[in-house]
Protein chains: 2
Amino acid sequence: MDVKTLCLGLLSARPASGYDLKKEFEGLFKHFFPAGYGSIYPALADLAAAKLVECECIEQRGRPDRKLYRITPAGMHAFEQALRQSSPRHRLRSEFLATLYFADLMEPERLQELLEQRVIEMRETVEDIDAIVKAQGQQMSGGAHFVAGFGAALAAAATRYIEQHESLLFEQPSIKRQATA
Amino acid sequence: MDVKTLCLGLLSARPASGYDLKKEFEGLFKHFFPAGYGSIYPALADLAAAKLVECECIEQRGRPDRKLYRITPAGMHAFEQALRQSSPRHRLRSEFLATLYFADLMEPERLQELLEQRVIEMRETVEDIDAIVKAQGQQMSGGAHFVAGFGAALAAAATRYIEQHESLLFEQPSIKRQATA
DNA sequence: TGCAGCATGTAATTTGTTACATGATTAA
DNA sequence: TTAATCATGTAACAAATTACATGCTGCA
């Protein structure tokens with residue numbers, strides 16, 4: 001599943017422009033599948049070229065045509081196939097953890113700063129997700145609810161872990177490193 | 001922080017070959033910063049070109065020379081700078097969640113399959129991390145312990161969440177989709 | 001007057017993945 | 001004999017990020 005397929009999936013619920021999709025990516029998806037214009041617009045062009053979506057150009061005064069993309073039956077079929085095929089990955093890539101692995105090379109102040117920053121971001125994630133659910137909960141599908149809760153649960157667990165275990169990072173170094181001089 | 005910088009960091013603890021580093025990436029790092037030969041070998045070549053590491057070629061019978069890389073003072077300095085600069089990201093990219101967002105388009109059997117698969121993988125993650133800590137706990141730095149615990153805590157939280165909330169996915173669809181015919 | 005929002009896209013770059021290519025040693 | 005381990009790498013490809021490029025509308 002790549003951005004292209006996800007765009008197709010979002011279009012399975014309702015027609016939208018690239019701009020609209022970007023706003024969707026700024027909602028829930030931000031927290032587990034971020035994407036920007038740079039991937040969305042090319043994705044839509046590809047989907048249109050493959051006839052999985054159709055494009056209706058809506059003229060507007062003073063701005064570029066609004067291009068409203070609508071999924072085709074072939075597109076719907078392709079998306080359902082995509083959901084069936086392949087085992088979806090779930091991957092974490094954390095420079096944060098990679099950095100903390102080397103805590104013994106870092107100043108305590110720097111460590112503290114990183115931890116605080118991370119806790120703030122995780123709290124913001126939880127708050128953002130909660131706000132989305134409060135605002136759109138009625139119209140959200142079971143899948144959307146599940147995903148929202150999942151993201152919030154992970155963020156909360158990360159916060160809790162940091163608060164309960166940060167002391168591990170401030171111990172005296174036990175690993176011998178190469179002499180640098 | 002990219003694979004190159006991480007390799008440099010690993011070399012700050014001890015000299016190693018690309019093959020050795022790959023084994024490290026198959027340990028703890030597998031769970032939050034995966035990398036394969038395809039990124040490791042080029043990274044080492046780049047680091048050597050930048051004089052951040054030195055290479056000692058050790059001849060062997062019947063196999064390619066073992067290339068043992070050793071960090072230089074300049075490399076050590078560069079790595080410490082890297083730890084100081086830039087706010088490290090912590091990003092999730094989950095095709096798993098993106099897929100489940102569309103649960104109402106999926107067969108219950110398929111859903112069940114995905115959930116089970118994910119629970120198994122998460123359990124394996126926890127077990128793998130626990131095994132690493134049991135085996136190497138004595139020599140692991142505080143940072144390594146923190147990171148190991150973090151990974152295990154996240155995986156455990158994910159498992160718990162799935163088990164407690166999977167029913168959300170099996171509700172009747174409430175979202176209206178486009179007619180496909 | 002200035003900023004946020006609407007609305008499109010391209011191009012260069014970065015990064016990493018996957019497949020390819022080779023081949024001896026050693027333990028089961 | 002067969003599989004795992006040791007040991008190196010390159011090349012093609014895929015994907016996404018970032019920066020660039022443009023410009024009106026409408027609100028405060």
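FYI, side chains are in, hydrogens and waters are out, and symmetry mates aren't considered; it's all heavy atoms of this structure. Within every chain, numbering begins at 1; the chains are lettered A, B, ... in the order of the sequence lines, protein sequences first and strands thereafter.
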Novice: I would like to know whether Arg123(A) and Glu116(A) meet salt bridge (charged side-chain N to carboxylate O under 4.0 Å, His left out); could you show each step before the answer?
Specialist: CA-CA 11 Å; Arg123(A) 279 202 213 290; Glu116(A) 278 165 20; over 6 Å; no
Novice: To check you understand the geometry: which heavy-atom pair defines the closest contact between Met76(B) and Leu105(A), and what is its length?
Specialist: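 Looks like CE-CD2, 4.0 Å.
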Novice: Nearest 0.5 Å, what's the OH-CG distance between Tyr69(B) and Leu44(B)?
Specialist: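 The CG atom of Leu44(B) is 5.0 Å from OH of Tyr69(B), to the nearest 0.5 Å.
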Novice: Mind checking whether Phe146(A) and Phe96(B) have parallel, tilted or perpendicular rings, split at 30° and 60°?
Specialist: perpendicular
Novice: Using only heavy-atom distances, determine whether the side chains of Thr125(B) and Asp128(B) contain a donor-acceptor pair under 3.5 Å.
Specialist: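 Note: Thr125(B) and Asp128(B) side chains miss the donor-acceptor criterion.
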Novice: Determine the interplanar angle of the Tyr37(B) and Tyr19(B) rings, folded into 0 to 90°, and report it as parallel if under 30°, tilted if 30 to 60°, perpendicular if over 60°.
Specialist: parallel
Novice: How long is the line joining NZ of Lys22(A) and P of dT18(D), in whole Å?
Specialist: 11 Å
Novice: Just one of Phe32(B), Phe29(B), Phe33(B) clears the ring pair (Phe, Tyr, Trp, His ring centres under 6.0 Å) bar with Tyr101(A), so which one?
Specialist: Phe29(B)
Novice: dA7(D) P sits how many Å from Glu59(B) CD, rounded?
Specialist: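 In whole Å, dA7(D) P and Glu59(B) CD are 14 Å from each other.
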Novice: What does nucleotides 6-19 of chain C look like as a protein-contact string, B for base, S for sugar-phosphate only, - for none, at under 4.0 angstrom between heavy atoms?
Specialist: BBBB------SBB-
Novice: Report the distance from atom CZ of Phe25(A) to atom P of dA15(D), rounded to the nearest whole Å.
Specialist: 14 Å
Novice: Just to verify, which of Lys23(A), Lys22(A), Glu56(A), Arg66(A) counts as forming a side-chain contact (heavy atoms from CB on, under 4.5 Å) with Ser17(A)?
Specialist: Arg66(A)
Novice: Five pairs at each end of the helix from dT1(C)-dA28(D) to dA28(C)-dT1(D): take the axis at both ends and give me the angle between them to 10°.
Specialist: 50°
